[in-house]
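What follows is a set of notes on a single structure, which appears directly below.
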Amino acid sequence: MNSFPLLFKSPLFWSLVALALIKLLLLCCISNELFFLDPQIDGKRYSLWAQKIAQGEWLSSQPFYQEPLYPYLLGLLYFFTGAHLWIMAIFQISLSLSTAYLLFQFTARLFDSAAAWASFLLYALFGMLYFYEIQPIKTACVLWTTLVFFHLCLLKTKKTSLASGIALGALILLRGNTFLLLPWLCLWKWIHHRALVFWMLLGCLFPISLTTIHNYLACGEFILTSYQGGSNFYIGNNPKASGVYMPLRAGRQTPEYEGPDAVEIASKLAGRPLQYHEVSQFWFHLAWTYLWNHPAEWAKLWFKKALFFFSPQEFADGIAYRFFRNLYPWYHLFFVGYGFLWLLAFRAFFQLQYRNPTIQLLLLYLIGTFCSLVPFYIFSRYRLPVIIALLPFAGFACRYRRWLITALILGIVCEYAIPWDDTPSYYIFGNLYLKRYYSSQNPQDLKQSLHAYQKATEKNLPFPEAWTAMGNLYLQQKNLAQAEYCYRQALQQNTFFVKALYSLAGILLSKSKNDPPPERKRMLQEAQHYLETALQEEPNSYPALANLGMVYWNYWRLDPRSETALYRAKYLIQKALQLQPDDLQLQSVWQTLQKY
């Protein structure tokens, strides 16, 4: 009865209230911004997936390509509250506040209250968390579940070991690479609570078995959680790998394409249709073959990814946090970054008592996370869960004032002095403004979209998506010369970029109509080359099939005796209409061709 009044006297309670108000105030400030209203890439995929689940589509017709737990949690939230991004953000802010509370208690138990307050403050000033927790992205769930697992793992009963296993299984269903942490965590459990290892593994098996059953019912194949492991491993280990994410097909780095592309390309290279479990095995085999035959490149690549793991540099998979922070200057107040935490934690490592089981657990988690990411590729938000293990050490190191000041200066320098690539962020904002223009018809949105695409191409970095998007914009404005220039710039950066190939071919096809026969034939041949290249990359590309059909139709109009051109035109246009039967212009061409 006396505990409730004491709650209001607790400094931690009022600190959490203050943190909640700050988070809600920041949410209010950006709630009408395009960034918040229209999630992109993974956020868009998770939100749409969750809406389907909320509408009753609990079982899908295919096995999972991405880990499914977060969309199902979000779908459950949408089921009870409706698909409102505000509610999603408030839910994740609540998780973040709960994480702050658990972090304080965990650090206080491990070290002392001074370290706990320091870790709490560092968590509250870690700017990237504010960026991710308001998006439909799993980061807040992963951090909270990780800390819950740590708390449960330290307890020595069968029930808590079972619960810690369930939390670990949930982590695996949130971030698939966590599966590679299992041996490290089992090792710790075996050393300290040997009799409880079985119960932790049993608990871990429960959530994983649900996805395995779902996948078996969906396709009749034994797939443990998802089938993206092989393609992700290949993305991080191939002749063109850079240590960060690169899509299997350029310009198709969104989740709705990743799974189908992995299946289609693997089946094409294998020479036969592959089952889902074979797709993952195929990509693993292809990557390991490359690494085995190129050991020097293997060593260089993995060393590079190891450096990326510790680097303060941001490796964004969409809009970069630094770009976002420059748009909304008040986020500069939250100056704690990834590199700063590592600098503080390294100081603590020299003062630790390594026989402490909790310290051993945190260190094994850090080592395991490192070993689970470096074989694949590095993203900022993929490595973000390690801050849960770093923050207690960083809080402990804050008592060393000289080192704290040194780390603070170096951390701020790293945050603001290290160059970063804002090209993808400008490109995404260009898409957002263009999408709003289509609904509002506000010319200002069109200007902002074009400006964003121009900024994305200023540095002339290899990003053909931006040049192609700008070309599409000029094409809509009937500026064929500028559009052609943009498409050719895109192809200079990537000669196999499909969207630029079929768009440039479409311009050549349009321009050829008014040219004399020799010049017209030359343009048609150039367009044919681009379209055939596009179809080698994407055999079912509707624009490429339709345009190539039109090329052959124009060949036939130049030479009506060419039966081959007429046959190819009919075949390609018919195939294009099978993909998009509602294209009235193509239907008209098809009806004309049927007369011959």
Side-chain angles (χ1 to χ4, degrees), residues 41-43 66-67 70 96 99 103 119 122-123 126-133 135 137-147 149-150 168 171-172 174-182 184-185 228-229 232-233 235-237 241-246 301-322 324-325 334 336-346 349 361-394 407 411 414-415 418 420-421 424:
I41 310 181
D42 279 4
Q66 291 180 297
E67 307 306 334
Y70 178 71
S96 181
T99 302
L103 176 66
S119 64
L122 290 170
Y123 179 84
F126 195 88
M128 200 173 285
L129 294 179
Y130 294 85
F131 173 63
Y132 283 122
E133 69 191 13
Q135 302 180 60
I137 288 177
K138 62 184 75 170
T139 303
C141 287
V142 173
L143 298 183
W144 181 83
T145 310
T146 301
L147 206 41
F149 168 75
F150 286 161
L168 182 57
L171 271 175
I172 291 171
L174 287 167
R175 286 247 27 94
N177 65 293
T178 310
F179 192 84
L180 298 179
L181 270 75
L182 195 57
W184 300 92
L185 299 174
Q228 69 174 345
N232 280 347
F233 187 71
I235 287 169
N237 302 278
S242 62
V244 296
Y245 174 79
M246 295 176 66
L301 182 59
W302 283 35
F303 179 72
K304 183 180 180 180
K305 288 188 280 188
L307 292 179
F308 284 176
F309 180 82
F310 296 102
S311 171
Q313 186 176 359
E314 183 180 4
F315 304 99
D317 57 329
I319 297 173
Y321 167 64
R322 293 186 182 185
F324 173 80
R325 185 175 61 191
F334 308 99
V336 173
Y338 184 78
F340 177 49
L341 291 183
W342 270 111
L343 288 170
L344 284 176
F346 276 131
F349 292 158
L361 174 63
L362 295 179
L363 290 176
L364 282 173
Y365 177 80
L366 289 172
I367 294 169
T369 304
F370 173 85
C371 294
S372 72
L373 285 179
V374 169
F376 293 87
Y377 52 85
I378 304 297
F379 264 162
S380 291
R381 62 186 176 90
Y382 287 5
R383 67 186 186 180
L384 207 55
V386 302
I387 71 166
I388 293 299
L390 289 177
L391 280 164
F393 297 134
C414 290
E415 279 291 302
I418 292 179
W420 56 284
D421 181 14

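Computation of the quantities below employed the complete heavy-atom set of this structure, encompassing side-chain atoms and omitting hydrogens, waters and symmetry-equivalent molecules. Here the structure is a predicted model, which is why all the values come from computation and not from measurement.
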Checklist entry - So which of Leu185, Thr146, Leu181 actually passes side chain to side chain contact (heavy atoms under 4.5 Å, CB included) with Leu168? => result Leu185
Checklist entry - Can you name the salt bridge (Lys or Arg N to Asp or Glu O under 4.0 Å) partners of Arg322, sequence neighbours left out? => result none
Checklist entry - Which atom names give the shortest non-hydrogen contact between Gln135 and Phe131, and what distance separates them? => result NE2-O, 3.0 Å
Checklist entry - Going from SG on Cys371 to CZ on Phe309, what distance comes out if it is rounded to the nearest 0.5 angstrom? => result 9.0 Å
Checklist entry - Between CG of Leu129 and CD1 of Ile387, what distance do you get to the nearest 0.5 Å? => result 4.5 Å
Checklist entry - Looking only at atom types and distance, does a side-chain atom of Tyr132 sit under 3.5 Å from a main-chain N or O of Leu384, one as donor and one as acceptor? => result no
Next on the checklist: Strictly distance-based, threshold 3.5 Å: is any side-chain N or O of Tyr365 a donor or acceptor partner for the main-chain N or O of Trp184?
Outcome noted: no
Item to check | Donor-acceptor pair, side chain of Ser311 and main chain of Phe308, under 3.5 angstrom | outcome: no
Checklist entry - Does Ile137 offer a backbone N or O that forms a donor-acceptor pair with the side chain of Tyr70 under 3.5 Å? => result yes
Checklist outcome for this item: Note: Phe126 and Tyr338 closest approach over all heavy atoms is CE1-N, 3.7 Å
Checklist outcome for this item: Scanning both residues in full, the closest heavy-atom pair of Pro375 with Asn237 reads O-ND2, 2.6 Å
Item to check | Residue pair Ile378 / Arg383, side-chain heavy-atom distance below 4.5 Å | outcome: yes
Checklist entry - Hey, mind stepping through Ser96 and Tyr123 against side-chain contact (heavy atoms from CB on, under 4.5 Å) and telling me if it holds? => result CA-CA 10 Å; Ser96 181; Tyr123 179 84; 2.9 Å; yes
Checklist entry - About how many Å separate OG1 of Thr145 and CD1 of Ile388, when rounded to the nearest 0.5 Å? => result 10.0 Å
Next on the checklist: Walk me through whether Arg381 and Asp42 qualify under salt bridge (charged side-chain N to carboxylate O under 4.0 Å, His left out).
Outcome noted: CA-CA 12 Å; Arg381 62 186 176 90; Asp42 279 4; 2.4 Å; yes
Checklist entry - How about Pro312 and Leu343: do any of their side-chain heavy atoms sit closer than 4.5 Å? => result no
Next on the checklist: Parallel, tilted or perpendicular, judged at 30° and 60°: which one describes the rings of Tyr382 and Tyr377?
Outcome noted: tilted
Next on the checklist: My understanding is that only residues two or more places apart in sequence, or in another chain, count here; which of them pass side-chain contact (heavy atoms from CB on, under 4.5 Å) with Leu366?
Outcome noted: Trp342, Phe349, Leu363, Val386, Ala389, Leu390, Phe393
Checklist entry - Are Ser380 and Glu314 linked by a side-chain donor-acceptor pair shorter than 3.5 Å? => result no
Item to check | Residue pair Leu391 / Leu341: nearest heavy atoms and the distance that separates them | outcome: CD2-CD2, 3.8 Å
Next on the checklist: Using modelled atom types and a 3.5 Å cut-off, is there a donor and acceptor pairing between side-chain atoms of Thr178 and backbone atoms of Arg175?
Outcome noted: yes
Checklist entry - What's the shortest heavy-atom distance between Glu67 and Leu174, and which atoms? => result CB-O, 3.9 Å
Checklist entry - Which residue pairs pass the salt bridge (Lys or Arg N to Asp or Glu O under 4.0 Å) test with at least one member in residues 364-374, sequence neighbours excluded? => result none
Checklist entry - Between Asn232 (side chain) and Phe376 (backbone), is there a donor-acceptor pair under 3.5 Å? => result no
Checklist outcome for this item: Between the CD1 atom in Ile172 and the CG atom in Asn177, the distance rounded to the nearest 0.5 Å is 10.0 Å
Checklist entry - How many angstroms lie between CG in Leu344 and OG in Ser119, if you round to the nearest 0.5 Å? => result 11.5 Å
Checklist entry - To the nearest 0.5 Å, how far apart are OG1 in Thr99 and CH2 in Trp144? => result 8.0 Å
Next on the checklist: Does any part of the side chain of Phe310, heavy atoms only, come nearer than 4.5 Å to the side chain of Phe370, both counted from C-beta?
Outcome noted: yes
Next on the checklist: Within the structure provided, determine whether Gln313 and Phe315 are in side-chain contact (heavy-atom separation under 4.5 Å).
Outcome noted: yes
Item to check | Residue pair Ala320 / Ala316: nearest heavy atoms and the distance that separates them | outcome: CA-CB, 3.7 Å
Checklist entry - For Ser242, does its backbone N or O pair with a side-chain atom of Lys305 as donor and acceptor, under 3.5 Å? => result no
